[in-house]
Undergrad: 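Sending over a structure as structure tokens; questions will come in a sec.
Sequential numbering from 1 along the given sequence is applied to the chain's residues.
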Amino acid sequence: MAGRALILVENLSVPLDRRVWQECTALREAGWEVHVICPQGAKQDTEPEAVIDGVHIHRYPLRAATGGPAGYLREYGSALWHTFRIARQLGRFDVVHGCNPPDLFFLVALAMRGKGTRFVFDQHDLVPELYLSRFGRGRDRLYRAVCWLERRTYRAAHVVIATNESYRQVAMTRGGKKPGEVFVVRSAPVVERFHQVPPDPSARRGKPYLLCYLGVMGPQDGVDYALRSLAKLRDEHGRDDWHAVFVGGGDTFDAMVALSRELGLGEQVEFTGRIPDEDLMRYLSTADVCLSPDPLNPLNDVSTMNKVMEYMAMARPIVSFELREARVSAGEAAVYAPANDESEFAKLIARLLDDPAERERMGEIGRQRVAGPLSWEHSKAALLRAYDAAVGSL
């Protein structure tokens, strides 16, 4: 029952947003005409219009928020205005597919509902938990507004796409959706894209071991926990036989570079920013241990971390804090420190560095999980079922 689909994204450009891009190409291969409205990137995805692999991408300029909630209100207001502006020019769609955050795209879907458009809510984040975890302001008036917007989004959605079973349960309990209206489409790397290349010894900067972090650097992502753990690895375990590379960008990038210097890690820790895929594959193929330092908070405990899936696709062993969905994703491909315990995190890094056989065993477990039960092929089938359910209710 393929038709026209309009996918709305705010927090990343496309195709940089890997999950959204995989969804776009899966729908296109299934016969859908796919359009995406998203922000322009700073260094890539800068063109206002592009057609890539048959997917029509419409981008708008957006200044990312800095500071507290007020900055995000300005950012989201601008994004919503641009999204409405472009959507009006594109005509009728069978499906509006809104990817949060923010929980505002239901407004676009409601404006188009008179044309018979169905709304698919792709819940990338639990925004109330994100608010609590990011700003530490408690359940204030703005938190209550965020909860109201989530309720309205659930109510408007004909179908909800959840990234894992924890999110699915929230959609059915807090969101009041029926089981047949919620589909789990896990974020899963395309194994063919994440492929081994020959290790590059120069990436270790003369040290025996390389540690790697890949991902966003925001207040809730735990890069500060990783850096303090590395300082403890040096101070409590006497280990200076490693070099660490942190790949990615985000709101706290500059603050994390400054923290690494304050901790005396400037010579051992390298921050690359966002890098091309070929460089990313080189670092991950060389890494001995990968870091997933997301601290326990209301959001992280129930969220699937893309970096964990990508580490497993590259057959890398992982050190993580004890989080519910981290265990669901990684299983025995990771070792788990008690929540937010930096000394134990450092101890586990040291243990894995001293046990190459265990590192190899864990890496193989992770690779098999991503190639098998957690593969994108399973998620793609669930995505198409979700669309069938949405348009089948016409």
Undergrad: Would you call E29 and K380 a salt bridge, using N to O less than 4.0 angstrom?
TA: yes
Undergrad: Membership question, hydrophobic clusters at under 4.5 Å side-chain separation (ILVMFWY): are L16 and W376 in the same one?
TA: no
Undergrad: Going by side-chain hydrogen bond (donor to acceptor under 3.5 Å, both in side chains), name the pairs with one or both residues in residues 124-133, residues two or more places apart or in two chains.
TA: R19-H124, D122-H124, E129-R174, Y131-R137, Y131-D140, S133-N297
Undergrad: Are any non-hydrogen side-chain atoms of C99 and I7 less than 4.5 angstrom apart?
TA: yes
Undergrad: Is it true that L263 and V245 fall in one hydrophobic cluster, defined by side-chain heavy atoms closer than 4.5 Å?
TA: yes
Undergrad: Taking atom OH of Y167 and atom CG of L126, what is their separation to the nearest 0.5 Å?
TA: 4.0 Å
Undergrad: Mind running side-chain contact (heavy atoms from CB on, under 4.5 Å) on L265 and R234 for me, showing each step along the way?
TA: CA-CA 9 Å; L265 296 171; R234 177 197 61 199; 3.7 Å; yes
Undergrad: Which of these passes side-chain contact (heavy atoms from CB on, under 4.5 Å) with V108: T117, I37, T83, I86?
TA: T83
Undergrad: For R18, is there an ion pair with E310 - N to carboxylate O distance below 4.0 angstrom?
TA: yes
Undergrad: Is it true that the side chains of S343 and E236 contain a donor and an acceptor less than 3.5 Å apart?
TA: yes
Undergrad: Any side-chain heavy atom of W32 sitting closer than 4.5 Å to one from R28?
TA: no
Undergrad: Are Y72 and F135, when compared by the centres of their aromatic rings, separated by less than 6.0 Å?
TA: yes
Undergrad: Within the structure provided, determine whether L8 and V96 are in side-chain contact (heavy-atom separation under 4.5 Å).
TA: yes
Undergrad: Quick check, are the ring centers of Y387 and H97 under 6.0 angstrom apart?
TA: yes
Undergrad: Is the count of non-hydrogen atoms from other residues, nucleotides or ligands lying under 6.0 Å from R139 atom CZ greater than 12?
TA: no
Undergrad: Filter on salt bridge (charged side-chain N to carboxylate O under 4.0 Å, His left out), then keep only pairs touching residues 40-54, sequence neighbours left out; what's left?
TA: D45-R59, E47-R59
Undergrad: Judged by atom type as modelled, is there a donor-acceptor pair below 3.5 Å linking the side chain of R151 to the main-chain atoms of G175?
TA: no
Undergrad: Who else is in L73's hydrophobic cluster (ILVMFWY, side-chain heavy atoms under 4.5 Å, direct or via others)?
TA: none
Undergrad: Looking at residues at least two apart in the chain, or sitting in another chain, which of them share a side-chain contact (heavy atoms from CB on, under 4.5 Å) with F253?
TA: M217, V257, F271
Undergrad: State whether the side chain of S285 and the backbone N or O of V197 hold a donor-acceptor pair below 3.5 Å, judged by distance alone.
TA: yes
Undergrad: Using only heavy-atom distances, determine whether the side chains of E270 and H243 contain a donor-acceptor pair under 3.5 Å.
TA: yes
Undergrad: With sequence neighbours excluded, what pairs up with V184 under the side-chain contact (heavy atoms from CB on, under 4.5 Å) test?
TA: E165, R168, R186
Undergrad: Answer yes or no: does atom CD of E364 have more than 12 heavy-atom neighbours from other residues, nucleotides or ligands under 6.0 Å?
TA: yes
Undergrad: Is a donor on one side and an acceptor on the other found under 3.5 Å between the side chain of R118 and the backbone of V391?
TA: no
Undergrad: Rounded at 0.5 Å granularity, tell me how far CZ in R359 sits from SG in C290.
TA: 11.0 Å
Undergrad: Would you say the side chain of P338 lies within less than 4.5 Å of the side chain of E322, judging by non-hydrogen atoms?
TA: no
Undergrad: Ion pair present between R282 and D279, side-chain N to carboxylate O less than 4.0 angstrom?
TA: yes
Undergrad: If two hydrophobic side chains count as joined below 4.5 Å and joins carry through other members, does V185 share a cluster with L27?
TA: yes
Undergrad: Can you name the residues that form a side-chain contact (heavy atoms from CB on, under 4.5 Å) with E360, not counting sequence neighbours?
TA: none
Undergrad: Using side-chain heavy atoms (C-beta onward) and a distance below 4.5 Å, is L280 in contact with V247?
TA: yes
Undergrad: Are D288 and R204 close enough for a salt bridge, meaning some N to O gap below 4.0 Å?
TA: yes
Undergrad: After noting the C-alpha distance and the side-chain angles of E150 and N100, does the key distance pass the side-chain contact (heavy atoms from CB on, under 4.5 Å) rule?
TA: CA-CA 10 Å; E150 184 191 64; N100 81 335; over 6 Å; no
Undergrad: Would you give the length of the straight line joining atom CE of M314 to atom SG of C212, rounded to the nearest 0.5 angstrom?
TA: 9.5 Å
Undergrad: Taking L132 as the starting point, is it possible to reach Y76 by hopping between hydrophobic residues whose side chains are less than 4.5 Å apart?
TA: yes
Undergrad: Of all residues at least two apart in sequence or in a different chain, which pass the side-chain contact (heavy atoms from CB on, under 4.5 Å) check with W81?
TA: R85
Undergrad: With sequence neighbours excluded, what pairs up with Y283 under the ring pair (Phe, Tyr, Trp, His ring centres under 6.0 Å) test?
TA: none
Undergrad: State, yes or no, whether a side-chain contact exists between L62 and E75 at a heavy-atom distance under 4.5 Å.
TA: yes
Undergrad: Would you say the ring centroid of F121 lies under 6.0 angstrom from that of Y154?
TA: yes
Undergrad: How far apart are the C-alpha atoms of S166 and E325, what are their side-chain angles, what is the distance that settles it, and do they pass the side chain to side chain donor-acceptor pair (under 3.5 Å) test?
TA: CA-CA 8 Å; S166 294; E325 282 295 333; 2.6 Å; yes
Undergrad: Could you check whether any side-chain heavy atom of T163 comes within less than 4.5 Å of a side-chain heavy atom of Q123, counting everything from C-beta outward?
TA: no
Undergrad: Restricting to ring pair (Phe, Tyr, Trp, His ring centres under 6.0 Å), what partner residues turn up for F194, sequence neighbours left out?
TA: none
Undergrad: Do I349 and L291 make a side-chain contact, defined as non-hydrogen atoms from C-beta onward lying under 4.5 Å apart?
TA: yes
Undergrad: Does a side-chain N-to-carboxylate-O contact under 4.0 Å join R324 and D301?
TA: yes
Undergrad: Does D294 have any salt bridge (charged side-chain N to carboxylate O under 4.0 Å, His left out) partners at least two apart in sequence or in another chain, and if so, which?
TA: K307
Undergrad: Is a salt bridge present between R228 and D224, judged by a nitrogen-to-oxygen distance below 4.0 Å?
TA: yes
Undergrad: Sequence neighbours left out, what pairs pass ring-ring contact (aromatic ring centres under 6.0 Å, His included) with at least one residue falling in residues 38-62?
TA: H35-H56, H35-H58, Y60-H82
Undergrad: Roughly how far, to the nearest 0.5 Å, is the CG atom of L348 from the CD atom of E344?
TA: 6.5 Å
Undergrad: Can you name the nearest heavy-atom pair linking V14 to C38, along with the distance?
TA: N-SG, 3.5 Å
Undergrad: Has R4 got its NZ or CZ under 6.0 Å from the middle of the six-membered ring of F93, at an angle within 45 degrees of the ring axis?
TA: yes
Undergrad: Can you hop from L323 to V319 via hydrophobic side chains spaced under 4.5 Å?
TA: no
Undergrad: Among pairs that include at least one residue of residues 290-344, which meet ring-ring contact (aromatic ring centres under 6.0 Å, His included), considering only residues two or more places apart or in two chains?
TA: Y225-F321, F321-F345
Undergrad: Tell me, with the steps shown, if R239 and K232 meet side-chain contact (heavy atoms from CB on, under 4.5 Å).
TA: CA-CA 9 Å; R239 302 290 295 255; K232 291 179 182 296; over 6 Å; no
